[in-house]
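Written below as structure tokens is the structure these notes are about.
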Amino acid sequence: QVQLVESGGGLVQAGGSLRLSCAASGRTFSRYTMGWFRQAPGKERDFVTAISWSGGSTDYADSVKGRFTISRDNAKNTVYLQMNSLKPEDTAVYYCAADYSTAVSKERSWYAYWGQGTQVTVSS
């Protein structure tokens, strides 16, 4: 069982940066693939990025490549999402997700555990 708590969301102007954090409980965090998804009002929850348990493999949605970076610190049981060059279309609730696996996946159904989400609002 893993519990995930996101933080770091807020209001930022277009072109600005934010760093989201997701703190996980449990002693086996280092064995979990971690992902970030986002959901804008009236839309489905979409894949943003994911990282393998070792950090050696990552994947990004095309819309965020070159602007967002996922990383993890297994000693701190935390995964991060650095978001640069933010755009108004990045506005959404951002969710952290985890699954006990070695593969990286873009599919929502892959992930067994979810955080409560943190709001990111980018003003134009």
Side-chain angles (χ1 to χ4, degrees):
Q1 188 78 10
V2 175
Q3 291 185 326
L4 306 173
V5 179
E6 302 97 333
S7 61
L11 173 64
V12 64
Q13 288 187 334
S17 298
L18 280 176
R19 188 175 82 155
L20 306 183
S21 298
C22 174
S25 65
R27 294 177 293 176
T28 58
F29 173 78
S30 61
R31 294 298 184 182
Y32 283 77
T33 290
M34 302 298 297
W36 287 96
F37 289 73
R38 66 187 182 185
Q39 188 167 18
K43 296 188 176 181
E44 293 191 349
R45 192 173 299 186
D46 292 330
F47 171 78
V48 176
T49 181
I51 188 168
S52 62
W53 65 272
S54 67
S57 179
T58 59
D59 197 4
Y60 293 89
D62 289 342
S63 58
V64 306
K65 281 181 182 177
R67 300 188 298 122
F68 291 11
T69 303
I70 189 171
S71 62
R72 66 189 297 161
D73 185 338
N74 288 342
K76 295 182 178 180
N77 281 16
T78 302
V79 63
Y80 304 99
L81 179 62
Q82 178 67 44
M83 305 186 294
N84 299 328
S85 302
L86 282 161
K87 304 175 182 180
E89 50 264 45
D90 295 318
T91 295
V93 176
Y94 282 71
Y95 295 91
C96 177
D99 192 73
Y100 190 78
S101 67
T102 57
V104 172
S105 176
K106 296 181 177 181
E107 300 298 323
R108 274 183 309 179
S109 59
W110 181 267
Y111 296 87
Y113 304 102
W114 293 83
Q116 82 290 349
T118 185
Q119 176 71 46
V120 172
T121 303
V122 184
S123 63
S124 58

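Only this structure's heavy atoms are used, side chains among them; waters, hydrogens and symmetry mates stay out. Remember, predicted model here, so these are calculated numbers, not experimental data.
- Ring geometry for Tyr100 versus Tyr32: interplanar angle over 60°, hence perpendicular rather than tilted (30 to 60°).
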Run Trp53 and Thr102 through side-chain contact (heavy atoms from CB on, under 4.5 Å) and show every step you take. CA-CA 6 Å; Trp53 65 272; Thr102 57; 3.8 Å; yes
Show your working on side-chain contact (heavy atoms from CB on, under 4.5 Å) between Thr69 and Tyr60 and close with a plain yes or no. CA-CA 9 Å; Thr69 303; Tyr60 293 89; 3.9 Å; yes
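- Between Val12 and Leu18 the shortest heavy-atom distance is CG1-CD1, 4.0 Å.
- The minimum heavy-atom distance linking Cys96 with Leu4 is given by the pair O-CD1, 3.6 Å.
- We find the CH2-CD1 distance between Trp36 and Ile70 to be 8.0 Å, quoted to the nearest 0.5 Å.
- Each of Arg45, Glu44, Lys106 was evaluated against Phe37; a single residue qualifies, Arg45, per the side chain to side chain contact (heavy atoms under 4.5 Å, CB included) test.
- In this structure, the separation between CD1 on Ile51 and OG on Ser57 is 8.5 Å, given to the nearest 0.5 Å.
- Here Gln13 contributes atom CD and Ser123 contributes atom OG; the two are 5.0 Å apart, rounded to the nearest 0.5 Å.
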Determine, stepwise, if the pair Thr78 / Asp73 fulfils side-chain hydrogen bond (donor to acceptor under 3.5 Å, both in side chains). CA-CA 5 Å; Thr78 302; Asp73 185 338; over 6 Å; no
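- Between Ser63 and Arg67 the shortest heavy-atom distance is O-NH2, 2.9 Å.
- The side-chain tip of Arg19 points at the ring of Tyr80 from less than 6.0 angstrom away and within 45° of straight on.
- Residues Asn74 and Ser30 come closest through the heavy atom pair ND2-CB, 3.6 Å.
- One finds the CD atom of Gln119 at 11.0 Å from the CD atom of Gln39 (value rounded to the nearest 0.5 Å).
- Residues Phe68 and Asn84 form no side-chain contact, since every pair of their non-hydrogen atoms from C-beta on lies 4.5 Å or further apart.
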side-chain contact (heavy atoms from CB on, under 4.5 Å) evaluation trace for Tyr95 with Gln116: CA-CA 7 Å; Tyr95 295 91; Gln116 82 290 349; 6.0 Å; no
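- The OG1 atom of Thr49 sits 12.5 Å away from atom CD of Gln82, with the distance rounded to the nearest 0.5 Å.
- Taking each heavy atom of Gly35 and Tyr111 in turn, the nearest pair found is N-CE2, 3.9 Å.
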Phe47 and Arg38: side-chain contact (heavy atoms from CB on, under 4.5 Å), yes or no, with the steps? CA-CA 7 Å; Phe47 171 78; Arg38 66 187 182 185; over 6 Å; no
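- Side-chain contact between Leu20 and Met83 is present, with at least one heavy-atom pair separated by less than 4.5 Å.
- Atoms CZ and OG, from Arg31 and Ser54 in turn, are 9.5 Å apart once rounded to the nearest 0.5 Å.
- With contacts defined as side-chain heavy-atom distances shorter than 4.5 Å, the pair Val79/Leu81 does not qualify.
- Side chains of Asp99 and Thr33: a donor-acceptor N/O pair is absent below 3.5 angstrom, by distance only.
- Taking the ring centre of Phe29 as origin, the terminal cationic atom of Arg72 falls inside the region bounded by 6.0 Å and 45° from the ring axis.
- Val122 and Val48 end up in the same hydrophobic cluster when Ile, Leu, Val, Met, Phe, Trp and Tyr side chains are linked at under 4.5 Å.
- The two atoms that bring Met34 and Cys22 nearest to each other are CE-SG, 4.3 Å, heavy atoms only.
- Remark: Glu89 CD is packed, more than 12 non-hydrogen atoms of other residues, nucleotides or ligands lying under 6.0 Å away.
- Look at Lys87 and Asp90 and you find no salt bridge, because none of the NZ, NE, NH1 or NH2 atoms lies under 4.0 Å from a carboxylate O.
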Should Ser101 and Trp110 be marked as a side-chain hydrogen bond (donor to acceptor under 3.5 Å, both in side chains) after you check the CA-CA gap, both sets of side-chain angles, and the distance that decides it? CA-CA 9 Å; Ser101 67; Trp110 181 267; 3.2 Å; yes
